[in-house]
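Report on the following structure.
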4 protein chains.
Amino acid sequence: MTNKQILSSVKDRQLVEKRRQQIIKAAITLFKQKGFHRTTTREIAKQSGFSIGTLYEYIRTKEDILFLVCDSIYEQVKRRLEEVIQLQASTEDTLSHVVRAYFELIDDMQDEVVVMYQEVKSLKKESRDYVLQKEREMVDMFKAMLYKYLPYKISEVDAELVANNIFVQGQMWGFRRWMLQKQFTLETYIERQLYYLRKALAVKVP
Amino acid sequence: MTNKQILSSVKDRQLVEKRRQQIIKAAITLFKQKGFHRTTTREIAKQSGFSIGTLYEYIRTKEDILFLVCDSIYEQVKRRLEEVIQLQASTEDTLSHVVRAYFELIDDMQDEVVVMYQEVKSLKKESRDYVLQKEREMVDMFKAMLYKYLPYKISEVDAELVANNIFVQGQMWGFRRWMLQKQFTLETYIERQLYYLRKALAVKVP
Amino acid sequence: MTNKQILSSVKDRQLVEKRRQQIIKAAITLFKQKGFHRTTTREIAKQSGFSIGTLYEYIRTKEDILFLVCDSIYEQVKRRLEEVIQLQASTEDTLSHVVRAYFELIDDMQDEVVVMYQEVKSLKKESRDYVLQKEREMVDMFKAMLYKYLPYKISEVDAELVANNIFVQGQMWGFRRWMLQKQFTLETYIERQLYYLRKALAVKVP
Amino acid sequence: MTNKQILSSVKDRQLVEKRRQQIIKAAITLFKQKGFHRTTTREIAKQSGFSIGTLYEYIRTKEDILFLVCDSIYEQVKRRLEEVIQLQASTEDTLSHVVRAYFELIDDMQDEVVVMYQEVKSLKKESRDYVLQKEREMVDMFKAMLYKYLPYKISEVDAELVANNIFVQGQMWGFRRWMLQKQFTLETYIERQLYYLRKALAVKVP
DNA sequence: GATGAATGAGAGTTCATTCAT
DNA sequence: TATGAATGAACTCTCATTCAT
């Protein structure tokens, strides 16, 4: 799965993987600055450290690059979120720990996250659906946590809502920096969001 | 303010205003379908009902159109939000009423809202800042409401946070339709968000 | 029919016609020198006397140019052949007159004819079929003449064969110059071909 | 002669010959489908069964491949024509036999012949002249036959004309299939062409 | 001898913008 | 004011050819 679906004329699977990481890294840097549409394939090639011809040995169209980028970021975020959940799995107040870890993760991958949310919509339906599936899965992780760690039974609809709220509040930290950063550090942001989350969920932990 | 800053070679102020409304309407229709970058000025002219030459009598660059569109939408949303606040100003549980009205407004202007949030980032810094100022003002309206109607004194930081949360939950209804619509109608969405909002704010109203 | 099927973004029909004649003329000149594939659209634009952008206001793809060229040449050859037939319609030995006129016509349009036969095959099936239909019609004119002016009844199969032979002997004069021109002038070529044609058809005229 | 003039970095003469046969076979297959210009060297390498690198060990440019192909086909046609002439050399009505054999040969090598005539023009002058020399030689064979087997003395000019006509009528069977095949089988085509040829030449044989 | 990754000139095409009418 | 033909910079993508392994 993942990159596999994008054809490359180069046979060496390892090399393909390496080159694609270079492409992704370069593309994120550039998309961050000027967005997908204003970034040219030549610029991506140059930033990747090879020629335009070489770039096209590893992708077929410019859209492929966008897909690679979005897919890679979603995959990373999701993987890191999974790791966190696995680790925290037995602590008390796991909910808070995971939400905190999620917000930290977003902060850490800030640039990537911004790029991703700005550009997924430029993917054509098929690729977009594929990528958004991962978002669905992340929200589902939050739902699963709510079911598991809440001291009472939450309805499915409410779990869906709260999970989405958490998810979006994470994005918000990436996206609305320009508005939030005057008053919040990551730490205060997490702390206050958790405060209200616990109140909303009537969880009394720490 | 607003359009005034964009130069037009046509002198008749009224005509300028009329034509620009046509342009904005046409552009929103098209941006909704294909986004700003994939829409051509020719298409906008055609959809507006006049020639490409005429289009350029009322704007100077393609970016101007984007600015016109974003500015117009923000302005509308903001104006409608102000109206709502004015109207509801004396009811008990004004908070709920306004939030509800805001969510309904977003639902009503769904297409415009999506277009706006997808494309503001394509504006160059200066125009973007100008437009985002309106977003700041909207958030401030929510903050003002919290100060005014909450039965206790909320800290500025918390007001900022909650106002942003409300604001973003509105956007969320416009943006995350693909994820939410299986389980929510506008009514249930509003109802459940308000439920959690009240719990978080420890407001016990209805 | 003809050009009509190729879309142009320019509205003025007369202008379209005029510009396309320029394009056709330029393209023939260039195709003659280097063939379709080795000629660039930029070169065609330049030779046409306008910019690359303007070229693309009158055609959509490079293939369109090839179609325009082939179609135009076939149309001309066919039209001139029809005129000749009309004019000669009552003379005795009309057959010889028409064949002679046809050979002269080929000689006159030598460059065009060579270009046409070299490049039709590069058209995609649909366009090619459309153009070749005109060749079919020309052969049919010869067949019609054989039926009408031969002093005996020729079978359909034989009419088909002889008509094709005449047609191809015309092309041959355009195509095989490199081989024929050492020994033939147009006049001697026509004279000897007609000599053998009459013998083959057992027509004794002049 | 022949391939010898095309340089190869590989020393083993036999291997060169073997590889080139592979290349020629692959190229004909591909040129038949998409023509010379639309076929890439990579495709030729793949179809030949080796890598692009290896391909370039046996040729220097893409044009070399075209030359190899054209030359090889001309050589084959010519060789087979010579064999036929040798064999039939003593029969009465040799003329008919050879012409018949020539038409059958064309039918047999139809694909190759079509490829060849479509693409020779893409060779650069020098190579083209080299290849066309073989065509000259074939026409000369027909001329020689006319001198030898006609019961009267034919002028050189007429011999040239008739030889070319025969030659072109052969090509015609390869090239104008789309027009001829509704009414002719190879057999009827040969039979009717011979019928008219004999009448034209006033040969009364069978 | 064989391989295939790398190269980059160059091709076709688009589209924001201008300006004469 | 309105029009739309003209422009050309800029973009994506291809492919013949090379060369280190």
Side-chain angles (χ1 to χ4, degrees), chain A residues 8-12 15-16 19 37-46 49-65, chain B residues 8-12 15-16 19 37-46 49-65, chain C residues 8-12 15-16 19 37-46 49-65, chain D residues 8-12 15-16 19 37-46 49-65:
Chain A
S8 161
S9 58
V10 173
K11 307 286 178 63
D12 183 337
L15 188 56
V16 171
R19 290 277 178 265
H37 285 102
R38 296 203 213 271
T39 302
T40 71
T41 50
R42 271 185 164 74
E43 287 170 323
I44 297 171
K46 193 172 181 187
F50 34 70
S51 71
I52 183 68
T54 300
L55 177 68
Y56 275 90
E57 294 286 314
Y58 296 93
I59 52 143
R60 270 178 320 169
T61 68
K62 193 187 175 191
E63 246 242 17
D64 282 354
I65 301 177
Chain B
S8 160
S9 58
V10 174
K11 301 287 170 249
D12 182 340
L15 187 55
V16 170
R19 291 277 180 265
H37 285 102
R38 296 201 214 271
T39 301
T40 68
T41 49
R42 275 172 155 88
E43 289 170 321
I44 296 171
K46 192 173 182 187
F50 35 71
S51 73
I52 183 69
T54 301
L55 177 69
Y56 273 87
E57 296 289 321
Y58 296 94
I59 52 145
R60 267 174 327 161
T61 69
K62 193 187 174 191
E63 246 241 16
D64 282 353
I65 302 177
Chain C
S8 161
S9 57
V10 173
K11 307 285 177 67
D12 183 337
L15 187 56
V16 171
R19 291 277 178 268
H37 286 101
R38 293 202 215 271
T39 302
T40 71
T41 51
R42 275 182 165 77
E43 289 169 322
I44 296 171
K46 192 170 183 187
F50 33 71
S51 73
I52 184 68
T54 299
L55 177 68
Y56 274 89
E57 294 285 314
Y58 296 93
I59 53 144
R60 270 177 323 168
T61 68
K62 193 186 175 192
E63 245 242 19
D64 282 354
I65 302 176
Chain D
S8 162
S9 58
V10 175
K11 302 289 172 249
D12 182 338
L15 187 53
V16 171
R19 290 276 180 264
H37 285 101
R38 295 200 213 273
T39 301
T40 68
T41 50
R42 273 172 156 90
E43 289 171 321
I44 296 170
K46 192 173 182 187
F50 35 71
S51 73
I52 184 68
T54 302
L55 177 69
Y56 273 86
E57 296 288 321
Y58 297 95
I59 52 146
R60 270 174 325 161
T61 69
K62 193 185 175 192
E63 246 240 19
D64 282 354
I65 301 176

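In what follows, chains carry the letters A, B, and so on, assigned in the order in which the sequence lines appear, proteins first and then strands, with residues in each chain numbered from 1.
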- Item | Canonical and wobble pairing (Watson-Crick, G-U, under 3.5 Å) of DNA chain F, dot-bracket with | | .||||||||||||||||||||
- Numerically ordered, the residues 56-64 of chain B set in heavy-atom contact under 4.0 Å with DNA chain E is B:Tyr56, B:Thr61, B:Lys62
- Query: Does D:Thr54 have a side-chain nitrogen or oxygen under 4.0 Å from the phosphate oxygens OP1 or OP2 of E:dG1?
  - Reply: no
- What does B:Ser9 touch in the nucleic acid at a heavy-atom separation under 4.0 angstrom: a base, only the sugar-phosphate, or nothing? nothing
- Classify the side chain of C:Arg38 versus the base of E:dG10 as yes if they form a donor-acceptor pair under 3.5 Å and no if they do not. no
- Query: Using the ring of each side chain (for Trp, its six-membered ring), is C:His37 parallel, tilted or perpendicular to D:His37, with breaks at 30° and 60°?
  - Reply: parallel
- Message: So, using side-chain contact (heavy atoms from CB on, under 4.5 Å) as the criterion, who are the partners of D:Ser9 when residues are at least two apart?
- Response: D:Glu57
- Query: Think B:Thr41 has a side-chain N or O under 4.0 angstrom from the OP1 or OP2 of E:dC15?
  - Reply: no
- Item | Partners passing side-chain contact (heavy atoms from CB on, under 4.5 Å) against D:Thr41 (at least two apart in sequence or in another chain) | D:Ile52, D:Leu55, D:Tyr56, D:Lys62
- Could you go step by step and tell me if B:Leu15 and B:Tyr58 meet the side chain to side chain contact (heavy atoms under 4.5 Å, CB included) rule? CA-CA 9 Å; B:Leu15 187 55; B:Tyr58 296 94; 3.4 Å; yes
- Nearest-nucleotide wise, let me know which of D:Ile52 and C:Thr39 is further upstream toward the 5' end of DNA chain E. D:Ile52
- Message: Between D:Gly53 and C:Ser51, which residue's closest nucleotide on DNA chain F lies nearer the 5′ terminus?
- Response: C:Ser51
- Query: On DNA chain F, nearest-nucleotide positions of C:Leu55 versus C:Arg42: which is more 5'?
  - Reply: C:Leu55
- Using a heavy-atom cut-off of 4.0 Å to chain B, what are the terminal contacting nucleotides of DNA chain F, in 5' to 3' order? F:dT1 to F:dA6
- Note on the structure: Separation of E:dG4 atom P from A:Arg19 atom CZ, nearest Å, is 16 Å
- Message: Tell me the closest heavy-atom pair linking D:Val10 and D:Val16, and the distance in Å.
- Response: O-CG2, 3.6 Å
- Which residues share a side-chain contact (heavy atoms from CB on, under 4.5 Å) with A:Thr40, sequence neighbours left out: A:Arg42, A:Glu43
